[in-house]
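To start, the structure itself, in structure tokens.
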Amino acid sequence: MTERPTRRAQLVGSIVVGLAIVAVTIAVVTAMLGPTSTAELESLEQRQKERTERLEERLEHEERLREERREGRD
């Protein structure tokens with residue numbers, strides 16, 4: 001005769017399988033998305049925004065210089 005597992009053994013087995021499923025899911029999602037945290041993404045976004053602002057300021061400054069040169073020639 002085969003012994004039937006006790007309810008406790010079934011419960012423990014179910015919990016172990018559930019944890020394994022969660023671990024695999026986390027591993028797959030992390031592999032797909034990468035380990036980048038929200039803070040890192042926000043920091044990257046802020047640096048890109050600052051870089052864009054500096055570029056815009058530089059372009060505006062160059063435009064002002066060109067206008068001043070044109071006015072100086074007239």
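Every value quoted in this text rests on a predicted model; they were computed, and no experiment measured them. Numbering starts at 1 and runs along the sequence shown. Values reported hereafter were calculated over all heavy atoms of this structure, with side chains retained and with hydrogens, waters and symmetry mates removed.
The pair Arg54-Glu57 does not meet the salt-bridge criterion, since no charged nitrogen lies less than 4.0 angstrom from a carboxylate oxygen.
Each of Gln48, Gln46, Arg47 was checked for a side chain to side chain donor-acceptor pair (under 3.5 Å) with Glu50, and the lone residue meeting it is Gln46. Each of His61, Glu60, Arg66 was compared with Glu63 under the side chain to side chain contact (heavy atoms under 4.5 Å, CB included) criterion, and only Arg66 meets it.
Here the CZ atom belonging to Arg51 is positioned 12.0 Å from the CD atom belonging to Glu53, to the nearest 0.5 angstrom. In this structure, the separation between CG on Leu59 and CZ on Arg64 is 11.0 Å, given to the nearest 0.5 Å.
Under a hydrophobic clustering in which Ile, Leu, Val, Met, Phe, Trp and Tyr are joined whenever their side-chain heavy atoms come within less than 4.5 Å, directly or via other members, Leu11 and Leu19 fall into the same cluster.
Side-chain atoms of Leu65 and Arg69, non-hydrogen and from C-beta on, do get closer than 4.5 Å to each other.
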* Asked: What do the steps show when you test Thr6 against Gln10 for side-chain contact (heavy atoms from CB on, under 4.5 Å), and what is the final call?
  -> CA-CA 6 Å; Thr6 64; Gln10 286 179 335; over 6 Å; no

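For CZ of Arg7, the number of neighbouring non-hydrogen atoms (other residues, nucleotides, ligands) closer than 6.0 Å is 12 at most. For CD of Glu45, the number of neighbouring non-hydrogen atoms (other residues, nucleotides, ligands) closer than 6.0 Å is 12 at most.
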